[in-house]
Amino acid sequence: MGVGRDTVPDVSRLRRLLPAVLLALLALPLPAAGAQEPAKTETAAAGAVSATFTYRDVGHGQWKDLRLQITRGGAPAYDGVPGGEACKAPYCAPDTFRGSPALKVADIDGDGEPEVLVDLFTGGAHCCVLAQVLRWDGTAYATTQRDFADFGYTLQPAAAPGAPAIFATGDARFAYAFASFADSAFPVRLLTLTAGVWKDVTGAHPDALQADATRWMKRYRQRRNGKVSLGMLAAWAADEYRLGHATKVKAFLATELRAGRLQGDRYWPRGKAFVTTLERRLRVWGYAAGAKA
């Protein structure tokens, strides 16, 4: 089938129209030079401390003009760019993706002096909520940072006056250890920050550990014999080890092994290899410390 004459472009006509088209395009208004999206601003305050966090979303997953300013007792006390080497521009973003502000001011360590907390997102498929805490050391603001991986954290208020607040999170070391990332489970981890030092206080909260262990065991039983269940069983074992129940864990694993229920995914340890790998990693990661054998 041939091509009809009316489907062939009239090149001579296009040449005659081109100058008029160009003139029309030149007549269109152009955006002002340097025009950008307006900066966004977050503010927070507690006691004598107030903070302002500004940033600009320039699109394509890039952010610019991040700036943190702190006023203490009405006087400027800090002015800088959050993130540093751990969260580099232009991909360092304010972590507002979890539906909460990126900026907080609160007495995190219970000493009566509010700290400034900025949540940042470093980007990546399995990365990373970065918490940057600025505390007054008597003369200036000192910075402490912690990477909370994919799931971030929840800041729980202090249980009593003078006690530190608790950063509730999960143990990121369990990612890919016993299952794919989607099927990995992360045992609860509770942290405090005092004088710039992070401390794992999970063992001091048996109620939280027991609730977490119960949750993972329930999910394991629901998916028992499935290829995606061993990540949940590993998280349960970690919580029970923290509670001092090593004997209980070993007995249950032995029963499941004899019953042929530790199959898991073929790309990760299963059967006897799962038991051996789990026990070794719990020791290396400190879960077995203090456990009652």
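- Shortest non-hydrogen contact noted between G83 and Q145 is O-OE1, 3.3 Å.
- Using a distance-only test at 3.5 Å, with no hydrogens or angles considered, no donor-acceptor pair links the side chain of S100 to the main chain of T96.
- Contact annotation: the side chain of T202 approaches that of L209 to within less than 4.5 Å [non-hydrogen atoms, C-beta and beyond].
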Scan the side chains in residues 152-166 for donor-acceptor partners under 3.5 Å anywhere in the protein, sequence neighbours excluded, and list what turns up.
{"from": "Y153", "atom 1": "OH", "to": "D119", "atom 2": "OD1", "distance (Å)": "2.6"}
{"from": "Y153", "atom 1": "OH", "to": "D119", "atom 2": "OD2", "distance (Å)": "3.0"}

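- Using a cut-off of 4.0 Å between Lys/Arg side-chain N and Asp/Glu carboxylate O, E115 and R135 are scored as not salt-bridged.
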Apply the test side chain to side chain donor-acceptor pair (under 3.5 Å) to residues E279 and Y287: give CA-CA distance (whole Å), side-chain angles for both, the deciding distance (0.1 Å), then the verdict. CA-CA 9 Å; E279 291 180 345; Y287 281 86; over 6 Å; no
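- We find that R72 and E113 are joined by a salt bridge, their nearest charged nitrogen and carboxylate oxygen being less than 4.0 Å apart.
- Comment: R67 engages D79 in a salt bridge, judged by a side-chain N to carboxylate O separation of less than 4.0 angstrom.
- Listed here is the closest heavy atom pair of A93 and W63: CB-NE1, 3.2 Å.
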For residues 189-197, dump all side-chain donor-acceptor pairs below 3.5 Å to protein atoms at least two apart in sequence or in another chain.
{"from": "R189", "atom 1": "NE", "to": "D200", "atom 2": "OD2", "distance (Å)": "3.1"}

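- Summarising the local packing, CZ of R215 is surrounded by more than 12 heavy atoms from other residues, nucleotides or ligands at distances under 6.0 Å.
- Side-chain contact between F274 and L233 is present, with heavy atoms from C-beta onward closer than 4.5 Å.
- Distance CZ/R223 to CG/L230: 11.0 Å, rounded to 0.5 Å.
- Of the possible donor and acceptor atoms, one in the side chain of E42 sits under 3.5 Å from a partner among the backbone N and O of A102.
- For the pair L117 and A131, the tightest heavy-atom approach, listed with the atom from each and the gap, is CD1-CB, 4.0 Å.
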Please determine whether side chain to side chain contact (heavy atoms under 4.5 Å, CB included) holds for the pair D109 and D107, giving the CA-CA distance in whole Å, both sets of side-chain angles, and the decisive distance to 0.1 Å. CA-CA 6 Å; D109 56 12; D107 183 8; 3.1 Å; yes
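- For the ring-ring contact (aromatic ring centres under 6.0 Å, His included) criterion with F181, the lone passing option out of Y176, F151, F174 is Y176.
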Between C87 and F121, does a side chain to side chain contact (heavy atoms under 4.5 Å, CB included) hold up when you go through it step by step? CA-CA 8 Å; C87 194; F121 183 73; over 6 Å; no
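- Screening residues 189-208 for ring-ring contact (aromatic ring centres under 6.0 Å, His included) gives F148-W198, F167-W198 as the qualifying pairs, with residues at least two apart or on separate chains.
- Closest approach of L68 to A51, counting heavy atoms only: CD1-CB, 4.4 Å.
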I would like to know whether D150 and C128 meet side chain to side chain contact (heavy atoms under 4.5 Å, CB included); could you show each step before the answer? CA-CA 5 Å; D150 301 72; C128 294; over 6 Å; no
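- The line from OG1 of T41 to CZ of R56 is 9.5 Å long, rounded to the nearest 0.5 Å.
- Ion pairing between a basic and an acidic side chain is recognised when a charged N comes within 4.0 Å of a carboxylate O; D239 and R242 show no such pairing.
- The heavy-atom pair separating F178 from T277 by the smallest distance is CE2-CG2, 4.1 Å.
- Across W216, F186, Y241, F252, a single residue satisfies ring-ring contact (aromatic ring centres under 6.0 Å, His included) together with W236, and that is F252.
- Other residues, nucleotides and ligands contribute more than 12 heavy atoms inside 6.0 Å of the NZ atom of K248.
- With values rounded to the nearest 0.5 angstrom, L257 atom CG is found 9.0 Å from Q263 atom CD.
- Rounded to the nearest 0.5 angstrom, T54 OG1 and L103 CG are separated by 10.5 Å.
- How far OH of Y141 is from CG of L134: 8.0 Å, rounded to the nearest 0.5 Å.
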Could you please spell out the steps behind the side chain to side chain contact (heavy atoms under 4.5 Å, CB included) verdict for R280 and W285? CA-CA 9 Å; R280 182 178 68 251; W285 292 341; over 6 Å; no
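- A heavy-atom distance below 4.5 Å is found between the side chains of C92 and L66.
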Would you check, one step at a time, whether the test side chain to side chain donor-acceptor pair (under 3.5 Å) holds for D137 with T139? CA-CA 6 Å; D137 66 5; T139 57; 3.3 Å; yes
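- Separation of atoms NZ (K218) and CE (M232) is listed at 13.0 Å; rounding is to 0.5 Å.
- Between L120 and F53, the shortest heavy-atom contact is CD2-CZ, 4.1 Å.
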